[in-house]
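Proteins get letters first, then strands, A, B, ... in listed order; numbering begins at 1 in each. Remember, it's a predicted structure, so these values are computed and weren't measured experimentally.
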Amino acid sequence: NAGVMQNPRHLVRRRGQEARLRCSPMKGHSHVYWYRQLPEEGLKFMVYLQKENIIDESGMPKERFSAEFPKEGPSILRIQQVVRGDSAAYFCASSPLQGDGYTFGSGTRLTVV
Amino acid sequence: SQELEQSPQSLIVQEGKNLTINCTSSKTLYGLYWYKQKYGEGLIFLMMLQKGGEEKSHEKITAKLDEKKQQSSLHITASQPSHAGIYLCGADRGRAGANNLFFGTGTRLTVIP
């Protein structure tokens, strides 16, 4: 039973390009959460999704960021027109419908040059 | 807004020594999670505590949640270099379950052989 799979592990984008980060939750997990970890800072919640629904996006920047979790396929965190300040590690976690823990992926490290 | 304060921010110990990391909240915690993070890797789930006064152990790591459910401690006995990393406490925003976590800023542990 594979864990939470994130890809790519490392992503380099030039300013103004788009970044797409993918997260496949653990088998049987229908809840997905995205977190961002800026250098020397803690993990900050971004968005919580269930299949085809955004449940809580209170941590998402108002512009350029979007997330989806389609019926089929992985969850996608999309960052449009990236800027240097978007450079961070982005972690995805998943949980079962009524679980008592969150399983994290290994993260995607985005570098904007 | 509710925050988690971790102390110390960093810790350097000699191999074999015991150590304690603290996590404090201004409000009652509904679920308290401890994770370990190594550079370049994801978060590894250590333990989850829900009940006041609860204590759990795994190998040489013990975590406790106080009766008021506002403070948790993580204690490592006879530390080893493999314990090095960043320890993060996280808490549920509401009832334990499929909500989202918010995290402390982490404690960076270095174990000197």
Discussion item. Can you tell me which of A:K44, A:H10, A:R109 forms the most heavy-atom pairs within a distance under 4.5 Å of chain B?
Written reply: A:R109

Discussion item. If you define the side chain from C-beta out and look only at heavy atoms, does anything of A:Y35 sit under 4.5 Å from B:F103?
Written reply: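 Of all side-chain heavy-atom pairs linking B:F103 with A:Y35, at least one is under 4.5 Å.
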
What's the separation between atom [atom1] in [X] and atom [atom2] in [Y], rounded to the nearest 0.5 Å?
{"X": "B:T105", "Y": "A:Q37", "atom1": "OG1", "atom2": "CD", "result": "10.5 Å"}
{"X": "A:F104", "Y": "B:Y35", "atom1": "CZ", "atom2": "OH", "result": "5.0 Å"}
{"X": "A:S106", "Y": "B:Q37", "atom1": "OG", "atom2": "CD", "result": "10.0 Å"}

Discussion item. Evaluate B:L43 against A:L43 for side-chain contact (heavy atoms from CB on, under 4.5 Å), listing each step before the verdict.
Written reply: CA-CA 10 Å; B:L43 278 69; A:L43 278 165; 3.3 Å; yes

Does [atom1] belonging to [X] count more than 12 external heavy atoms closer than 6.0 Å?
{"X": "B:E5", "atom1": "CD", "result": "no"}
{"X": "A:Q81", "atom1": "CD", "result": "no"}
{"X": "A:I54", "atom1": "CD1", "result": "yes"}

Worksheet item: chain B heavy atoms under 4.5 Å from A:Q6: which part of the residue, side chain, backbone, both or neither?
Response: neither

Cluster check [X], [Y]: I/L/V/M/F/W/Y, side chain < 4.5 angstrom:
{"X": "B:L46", "Y": "B:L4", "answer": "yes"}
{"X": "A:I55", "Y": "A:L49", "answer": "no"}
{"X": "B:I21", "Y": "B:V13", "answer": "yes"}

Worksheet entry | B:Y33 ring center near A:Y102 ring center (under 6.0 Å) |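 Yes, ring centres under 6.0 Å apart.
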
